[in-house]
Amino acid sequence: LEEEGLTGNFNPNHGSESGQFSSGPSSTTFSSKTMQQKEDAFLDKHVNSDDLGTQLIKDTLISQRVYGDNAPNYFKITSERNGEIVGGAHYSVHKKEGTIYLLGVLPSERGQGTGKALLKKTIKNMYAKGARKIILQSAPGAVSFYEKFGFTHTSKNGMKLILTED
């Protein structure tokens with residue numbers, strides 16, 4: 001991930017201060033005011049955005065707050081640049097199947113490797129939690145992005161990725 005400029009350590013708790021990725025299970029409450037403040041600032045700044053990627057990040061942050069302790073198998077990752085949230089993903093893992101519900105980056109981050117780093121980190125985390133198959137519904141404009149990572153079509157916008165031990 002270092003080549004994308006978004007380095008960091010996976011931390012299973014919200015509000016990781018150790019790197020550029022923050023991630024954790026929905027069942028963990030926000031323990032860091034710093035991360036909570038970053039999320040609030042992002043939501044306030046982009047409240048009226050109609051950009052799909054920005055909306056997906058907002059949905060990721062909000063869904064984490066809404067479901068909280070009621071969804072122990074749901075997780076989120078946010079990516080940051082210069083202390084501000086620039087991308088986010090929301091996913092779940094149940095037994096050996098994972099689902100990516102949301103993955104988006106700000107328009108200013110497109111073509112910068114942020115989405116690539118975010119998807120790599122999401123897949124890695126899902127694999128570590130036991131997922132061997134990942135499914136998602138892609139926006140039509142993002143299909144080729146997911147194909148580059150080995151996702152194949154299951155329906156018009158449905159895609160899957162089979163993970164192996166290698």
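These numbers were taken from a predicted model, which means no experiment stands behind them.
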**Prompt:** Hey, what's the ring geometry for His94 with Tyr74, parallel, tilted or perpendicular (30° and 60° as the breaks)?
**Reply:**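 Taking Tyr74 first and then His94, their aromatic rings stand perpendicular (interplane angle over 60°).
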**Asked** Just one of Met126, His90, Gln137 clears the side chain to side chain contact (heavy atoms under 4.5 Å, CB included) bar with Ile100, so which one?
**Response**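 Passing option: Met126.
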**Prompt:** Among Thr114, Ile85, Thr54, which residue meets the side chain to side chain contact (heavy atoms under 4.5 Å, CB included) test with Leu106?
**Reply:**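 The passing option is Thr54.
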Could you report the tightest heavy-atom contact between [X] and [Y], atom names first, then the distance?
X	Y	answer
Leu118	Gly87	CD2-C, 3.9 Å
Asn157	Pro140	OD1-CG, 4.1 Å
Asn48	Lys58	N-NZ, 4.5 Å
Gly104	Ile57	O-CG1, 3.3 Å
Phe75	Val93	CE1-N, 4.4 Å

**Item:** Within-4.5 Å side-chain heavy-atom neighbours: Leu103 and Tyr146
**Value:**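 Contact flag for Leu103/Tyr146 side chains = yes.
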**Request:** Before giving the answer on side chain to side chain contact (heavy atoms under 4.5 Å, CB included), spell out for Val143 and Met159 the whole-Å C-alpha distance, their side-chain angles and the decisive distance to 0.1 Å.
**Result:** CA-CA 8 Å; Val143 169; Met159 302 187 84; 4.1 Å; yes
**Request:** Indicate if Ile135 and Leu102 have the same hydrophobic cluster label, given that clusters are the connected sets of ILVMFWY residues with side-chain heavy-atom separations under 4.5 angstrom.
**Result:**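 Each belongs to a different hydrophobic cluster.
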**Message:** Distance check, rounded to the nearest 0.5 Å: Gln55 atom CD versus Asp50 atom CG?
**Reply:**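 Those atoms lie 9.0 Å apart.
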**Asked** Is there a side chain to side chain contact (heavy atoms under 4.5 Å, CB included) between Phe145 and Leu119 once you walk through the steps?
**Response** CA-CA 10 Å; Phe145 171 75; Leu119 182 57; 3.7 Å; yes
